[in-house]
Amino acid sequence: MSDYRFPYRDAAFLLNEVLDFDQKCADAGLEDINAELASAIFEEAGRLGSEVFAPLNAIGDHDGATFGENGVQETAGFADAYRQYVDNGWASLAADEEYGGQNMPRMIAAPVVEIWDSSNLGLSLCPLLTTGAVEALTVHGSEELKNTYLPNMVSGEWTGSMCLTEPGAGSDLAAVTTRAVPEGDHYLVTGQKVFITWGDHQMTDNIIHLVLARLPDAPDGVKGISLLLVPKFLPDEDGQPGKRNDVYCVGIEHKLGINGSPTCSISFGDNGGAVGYLVGEPNNGLMAMFTMMNEARQGVGIQSLGVSERSYQQALAYAKERLQGTRNDGTRIPIIDFPDVRRMLMLMKSATEAMRGLIYVAASESDMKNWAKDPEVASKHAARYALYTPIVKGWISELSQEITSYGIQVHGGMGYVEETGSAQHYRDARILTIYEGTTGIQGLDLAGRKIIADNGHALRDLLDDIQATADEMSTLENLAGMAARLKRASQAGKQACTWLLENAKQDRHAMGAASVNFMMLLGYVCGGWMMGRSALKATRLLEAGGGDEAFLLAKQVTTQFYFDHLLPRAGSCLTAIRSGSDSMMALDAEQF
Ligand SMILES: Cc1cc2nc3c(=O)[nH]c(=O)nc-3n(C[C@H](O)[C@H](O)[C@H](O)COP(=O)(O)OP(=O)(O)OC[C@H]3O[C@@H](n4cnc5c(N)ncnc54)[C@H](O)[C@@H]3O)c2cc1C
């Protein structure tokens, strides 16, 4: 099994050269934050990831979490790794200073999260959920709730969970039936939640559940959902975990992957009601939930990148070692010399770099939204960030299926058996297109909320920026061919947008039929944009005789491969979009 190492050079190149990290920080008045600090942080995180989290990855897979009398027992070694993570301040990296956070930019936090995700997807899910809960509480919680819970959640001393799903309410959260009845200064919560990630464990003294529930007389549907905070232990007068609350894990799932991450069924209020506190306004839980989910959706995009990178590194190491066939001179051939193995490795490498580009540019939009002083500028960045979210979650998680599958294929039969660890990445990745909203739901979010509701403005702005990059690329001889392809791909995005806006009015199935292809199209185009920007920068640095020559030349070639093999997929997505819903919806259910 190969070791994991964070791709420092790619991360630094993207941040410093493509996204002008130093300039952005200076413009925001953050004098102490610069590329040097970022790379020191990545080095430190990389050490904990490679040396502590990564060796536990296969152990978590074999010896996953178990359920017993005291609830969930996590994999041996996880608690110690998590303690090191907390003690070294990683939990609080990007959180608000007011509650003990370090307020680091997302442009630093996202690469650090990639390290945890590559190292150990199962374990890193725990902080992912806590981060989402912290965000929701920071934005929507009362001062009292924030002061009581945030400091311990920000530091990682307490973890958070996200309790949305019920047996009858998955994608359709309007069907939530958990109830919350007011009693004095709090509510009593009763109901069943399923599939709750890290809903119970022994790693920390307390677990803070954020729970979707209905208040008495709440309107039907999504307009009647409220968000409640339900701690496992109620804090005592000193803020320490006190009385056990009436919330219990009643079992965990046996599943395909992420065995190190307990997936819990949780029962609220079997003994009279779990004490909970309202987060935000009554019946307005959907908004608070979206704060939490959008954070988690970006997080799942990073998970998808992380597991893809790990799978690629492992396939690459194997391809260099595995010998098959003999040359005329009698020497054996490492499989990396075969064109088809190259096809797979180049696809893995170029897709992974494109994904990283999209995640970092999304992180930079989040930072610029937070840093902007002018509300109009802030709202432009917010719209761009919101547009990216379903693409980051949907496109990257879908692509991670293909990449981790190739990770197995490069290994041949040794990939299919568990010994090499390649199969674990594939099994672990399979959840990524399902939780935090399936790919279908991401497509609908993109097409409905982000494009139709805004009449395509934010998307056209993005596609104009992409076209401007293509124009810039066309001025350089070696990039002119790629420039023409990027221009065509961005035009495909505009044509798809026009098609959607026109057809969604006439055909009630048009949006649903087109939405996932639409999301995939935009993913390939955004990936091409980030690769194009990278190739532009690499060309200029090479012309100036600066930088790491081998890396920059490889970036140019990897971009060319992306443009040859992945970007053309945008065209077939457009063809599928334009074919509409007819053949999709024509058969009666009985005709299948
Ligand atoms: C390992 C694991 C961890 C999880 N962690 C959590 C957690 O921490 N907290 C939590 O609350 N939940 C969690 N979940 C639940 C997860 O978010 C849901 O499984 C997911 O949202 C899908 O819901 P569902 O399983 O009910 O599928 P369904 O909603 O029944 O969907 C089945 C299929 O129908 C499609 N579909 C459904 N509705 C539509 C629609 N309107 N339009 C188009 N297609 C549609 C879906 O895309 C999917 O392909 C977890 C699940 C798993 C397996």
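When a ligand or atom number is given, it counts from 1 through the structure's own listing order. Note that the structure is a prediction, hence the values are computed from the model and not measured.
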Please tell me if atom 35 (C) of ligand 1 is touched by the protein, where touching means a protein heavy-atom distance below 4.0 Å.
no
How far is atom 20 (C) of ligand 1 from the closest protein heavy atom, and which atom is that?
I434 O, 3.6 Å
Is it the side chain (CB and beyond), the backbone, both or neither of E436 that lies under 4.0 Å from ligand 1, heavy atoms counted?
backbone
Would you sort out whether E402 and R569 count as a salt bridge (Lys or Arg N to Asp or Glu O under 4.0 Å), showing the intermediate values?
CA-CA 14 Å; E402 189 177 347; R569 293 182 184 184; 2.8 Å; yes
Report yes if the side chains of E418 and H62 come closer than 4.5 Å at any heavy-atom pair, otherwise no.
no
Among L125, I441, D172, closest by heavy atom to atom 45 (C) of ligand 1 is I441
Heavy-atom nearest option to atom 5 (N) of ligand 1, drawn from L444, I431, T197
T197
To which protein heavy atom is atom 12 (N) of ligand 1 closest, and what is the distance rounded to 0.1 Å?
T165 OG1, 2.6 Å
Distance below 4.0 Å between atom 28 (P) of ligand 1 and any protein heavy atom?
yes
Check whether any N or O atom of K255, backbone or side chain, sits under 3.5 Å from an N or O atom of ligand 1, and answer yes or no.
no
What protein heavy atom sits nearest atom 48 (C) of ligand 1, and how far off is it?
T438 CG2, 4.0 Å
Quick one, E157 with R83, criterion salt bridge (Lys or Arg N to Asp or Glu O under 4.0 Å). Give me CA distance, side-chain angles, the key distance, then yes/no.
CA-CA 9 Å; E157 289 299 332; R83 180 46 46 203; 3.1 Å; yes
Pick from Q442, K450, R297, Q298: which one makes a side chain to side chain donor-acceptor pair (under 3.5 Å) with T389?
Q298
Between S581 and D507, is a side chain to side chain donor-acceptor pair (under 3.5 Å) present by the stated rule, with each step listed?
CA-CA 8 Å; S581 67; D507 170 6; 2.7 Å; yes
Of all protein heavy atoms, the one nearest atom 7 (C) of ligand 1 is F195 O, 3.1 Å
Against W116, only a single residue in Y4, F53, Y82 fulfils ring-ring contact (aromatic ring centres under 6.0 Å, His included); can you say which?
F53
Does ligand 1 come near enough to T263 that some N or O of the ligand is less than 3.5 Å from an N or O of the residue?
no
Identify the protein heavy atom lying closest to atom 26 (O) of ligand 1, giving its residue, its atom name and the separation to 0.1 Å.
G170 CA, 3.1 Å
Step by step, work out the salt bridge (Lys or Arg N to Asp or Glu O under 4.0 Å) result for K393 and D445.
CA-CA 11 Å; K393 200 291 182 177; D445 177 45; over 6 Å; no
Examine S171 against ligand 1 and note whether any of their N/O atoms are separated by less than 3.5 Å.
yes
Is the side chain of Q401 donor-acceptor paired with the backbone N or O of A429 at a distance under 3.5 Å, no angle test?
yes
Is it the case that ligand 1 has an N or O less than 3.5 angstrom from some N or O of M162?
yes
All heavy atoms of I408 vs all of G415, minimum pair found to be CG2-C, 3.6 Å
Interfacing atoms of ligand 1 (cut-off 4.0 Å, heavy-atom, I196)
7 (C), 8 (O), 9 (N), 10 (C), 11 (O)
Check V86 against S155 and note the closest heavy-atom contact, atom names and distance.
CG1-O, 3.2 Å
Yes or no, since that's all I need: does a protein heavy atom fall within a distance strictly under 4.0 Å of atom 32 (C) of ligand 1?
no
Polar contacts were defined as any N/O atom of the residue lying under 3.5 Å from an N/O atom of the ligand; does this apply to L164 and ligand 1?
yes
Backbone of T177 reached by a side-chain donor or acceptor of E166 within 3.5 Å
yes
